There are 2 protein chains.
Amino acid sequence: MATLSFPTPAPPPSEDAEKLKKAVQGWGTNEKAVITVLAHRNATQRKQISQAYEELYKEDLLKRLESELSGDLEKAVYRWIFDPVEREAILANVAVKKGSEDYQVIVEIACVNSPAELLAVKQAYQARFKRSLEEDVASSTSGDLRKLLVALVSSYRYDGQEINTKLASSEAKILHDAIVNKTFSHDEIIRILGTRSKVQLNATFNCYKDEFSTSITKGLSGAAKNEFLSVLCSAIRCITSPQKYFERVLRNALSKPGTDEDGLTRVIVTRAEKDLKEIKEIYHKRNNVALEQAVAKETSGDYKSFLLALIGN
Amino acid sequence: MATLSFPTPAPPPSEDAEKLKKAVQGWGTNEKAVITVLAHRNATQRKQISQAYEELYKEDLLKRLESELSGDLEKAVYRWIFDPVEREAILANVAVKKGSEDYQVIVEIACVNSPAELLAVKQAYQARFKRSLEEDVASSTSGDLRKLLVALVSSYRYDGQEINTKLASSEAKILHDAIVNKTFSHDEIIRILGTRSKVQLNATFNCYKDEFSTSITKGLSGAAKNEFLSVLCSAIRCITSPQKYFERVLRNALSKPGTDEDGLTRVIVTRAEKDLKEIKEIYHKRNNVALEQAVAKETSGDYKSFLLALIGN
């Protein structure tokens, strides 16, 4: 469930646009007013506000906000204002350009989304950047990492609920053999992870646990760490349980010295309208502290207020 | 342009259904009557006829035709009656199950169709077979051939007209190096062929010709033949010129001792509503004989009549 709260019915978009105009007009910006409006509107409402703003003031709301806000708040608002599909296309593009540590973002987009959602993100990517996400991922990576990432991003998985238990058992064995032999870059791992349906993959991971008395991610994390392995583990986690995966990202982001604001913002902004409630609950249980408290401790100012508003404080 | 000819307006679907019922009723089947109706109706009309037949006679037209017809005619009618997307999903499934020589069919479907058409075929495949085309291709192949085929089938290429000429030149060089060094299975070949837009790939192949004074397919066919290379050449030909590619398939099918009826039927049935007119013209120029004549010489009976009707005789 979402944590985002918004009034129903929401005020007319033109009224919100007017409030935003007042907030950005003149000397200084009223960040609180911006947050009060935007952090309590859903994707459709935000879109309508942007359109109303453009019509009323003949300027682009996003560009204006970018010039008025700064730092982490600017980044967070810039992420938030888009609808989910556009936002993920932009996140993917930023990740491709940054490379390395940001491959995790590509994995999230490829493996958390449903096949239809991933397709929509790829279509938005093409419309916006005039290239395919696949070719950008492929041309900015190499070796085994490329094979894995391109397979994940390219896949248009079957989305049905059918499970082939015999296949799950035989592919669990293939995965186990590859892990035991430390041939993680094994083509078979990429084939299985890149083409099977999520339901089938979860059955395979369960078979793995049953037959080898350890989870596949534990099997993998026993090995020496490298980029390929970390992408592989992220993919498995995203497919197995997106909520647990995102709790992990939040935990790492908040526990990092100096805090990883990019990761923190990304998870809160992308999940607030989806499943941040579940992620919050998992976080609380796992860390014995409420997510709100942890976020409040590690952030400050308007950025903090914005995140807390999205978390549903 | 299509070669298929059909009356406008077409007779009411119920009238056609009635003609077909008469043709299949009682002792023996009136194949000529079946051909007269079905070989002169477009995809929409054929669908309407099937529906009218089902409503009127409470039986499946396709199943009835299958039990009434036989041999090459049965196969051809079975292919023809579906709409193009369903037909290609079925062709892909047959090819996956047959393997080896039939990989060419997978390449055609992946590389001749537009990205949106390929997506539609993959959706039809999933709806019909409860699995993805990608996973079936991946699990029935191995090694470099798998990598190439899965990349081609998975790709959701950018469909815009933009060309990056610098990129075309640099990737032409990468392809040339791979071919000169005989590392055809080079990851870079698969990356380029599997992810770039068709317009961009054609620019790259043109650069190849300009810079190295030979076409890329000539460069490839100079090498020892194997399955991977033949799939690679087919992919390049399908991307460069589908019509020339299909002329080649027809030529090979007709010149084979005993004739390759599967290839012959496939090209005529799949292209009759699309571009068989251009393919016919290329065939005539290349072989100094009209396609109709060649087909008439190598086939016989009702199968021959059916193909000739689709060719637009």
Side-chain angles (χ1 to χ4, degrees), chain A residues 110 115-116 118-123 125-147 149-164 167 170-171 174 185-201 204, chain B residues 110 115-116 118-123 125-147 149-164 167 170-171 174 185-201 204:
Chain A
L118 172 57
L119 177 66
V121 172
K122 292 199 279 189
Q123 287 168 333
Y125 192 100
Q126 294 191 6
R128 185 172 276 267
F129 303 109
K130 307 291 167 206
R131 293 186 307 276
S132 71
L133 174 56
E134 293 89 323
E135 67 189 307
D136 280 357
V137 170
S139 60
S140 68
T141 50
S142 65
D144 293 329
L145 184 68
R146 174 202 281 170
K147 283 181 209 162
L149 281 173
V150 171
L152 295 176
V153 163
S154 303
S155 80
Y156 181 64
R157 301 175 196 278
Y158 175 56
D159 204 17
Q161 298 303 304
E162 294 85 354
I163 292 173
N164 181 334
L167 186 71
S170 73
E171 295 196 336
I174 292 174
S185 58
H186 203 287
D187 288 347
E188 287 290 274
I189 297 188
I190 295 175
R191 171 185 70 80
I192 294 169
L193 264 282
T195 64
R196 296 300 184 197
S197 78
K198 288 192 191 178
V199 171
Q200 180 67 32
L201 282 173
T204 302
Chain B
L118 172 58
L119 178 66
V121 173
K122 292 199 278 189
Q123 287 168 333
Y125 192 100
Q126 294 192 5
R128 184 173 276 267
F129 303 108
K130 308 290 168 204
R131 294 186 307 274
S132 70
L133 174 56
E134 293 89 324
E135 67 189 309
D136 280 358
V137 169
S139 61
S140 68
T141 50
S142 65
D144 293 328
L145 184 68
R146 174 202 282 170
K147 283 181 210 163
L149 281 173
V150 172
L152 295 175
V153 164
S154 303
S155 81
Y156 181 65
R157 301 175 197 278
Y158 176 57
D159 204 17
Q161 297 303 305
E162 293 85 354
I163 292 172
N164 181 334
L167 187 71
S170 73
E171 296 196 336
I174 292 174
S185 59
H186 204 288
D187 288 347
E188 287 289 274
I189 296 188
I190 295 175
R191 171 184 71 80
I192 294 169
L193 264 284
T195 65
R196 296 300 185 196
S197 78
K198 288 192 191 177
V199 171
Q200 180 68 32
L201 282 173
T204 301

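Heavy-atom basis, side chains included; hydrogens, waters and symmetry copies ignored. On a predicted model such as this, the values are computed, not experimentally measured, just so you know. To find a chain, count down the sequence lines: A is the first, B the second, and so on, and within it residues start at 1.
Within the 4.5 angstrom heavy-atom criterion, atoms from both the backbone and the side chain of A:S139 approach chain B. With a 4.5 Å cut-off on non-hydrogen atoms, A:E162 touches chain B through its side chain but not through its backbone. Neither the backbone nor the side chain of A:N164 comes within less than 4.5 Å of any heavy atom of chain B.
The salt bridge (Lys or Arg N to Asp or Glu O under 4.0 Å) analysis of residues 129-141 of chain B, with sequence neighbours excluded, yields the pairs A:R196-B:E135, B:K122-B:E134, B:R131-B:D136.
Contact between B:S132 and A:Y156 at its shortest, heavy atoms only, is CB-O, 4.0 Å.
B:S142 OG to A:D187 CG: the interatomic distance, rounded to the nearest 0.5 Å, is 9.5 Å.
Residues that satisfy the side-chain contact (heavy atoms from CB on, under 4.5 Å) test with A:A138, not counting sequence neighbours, are A:V150, B:R191, B:T195.
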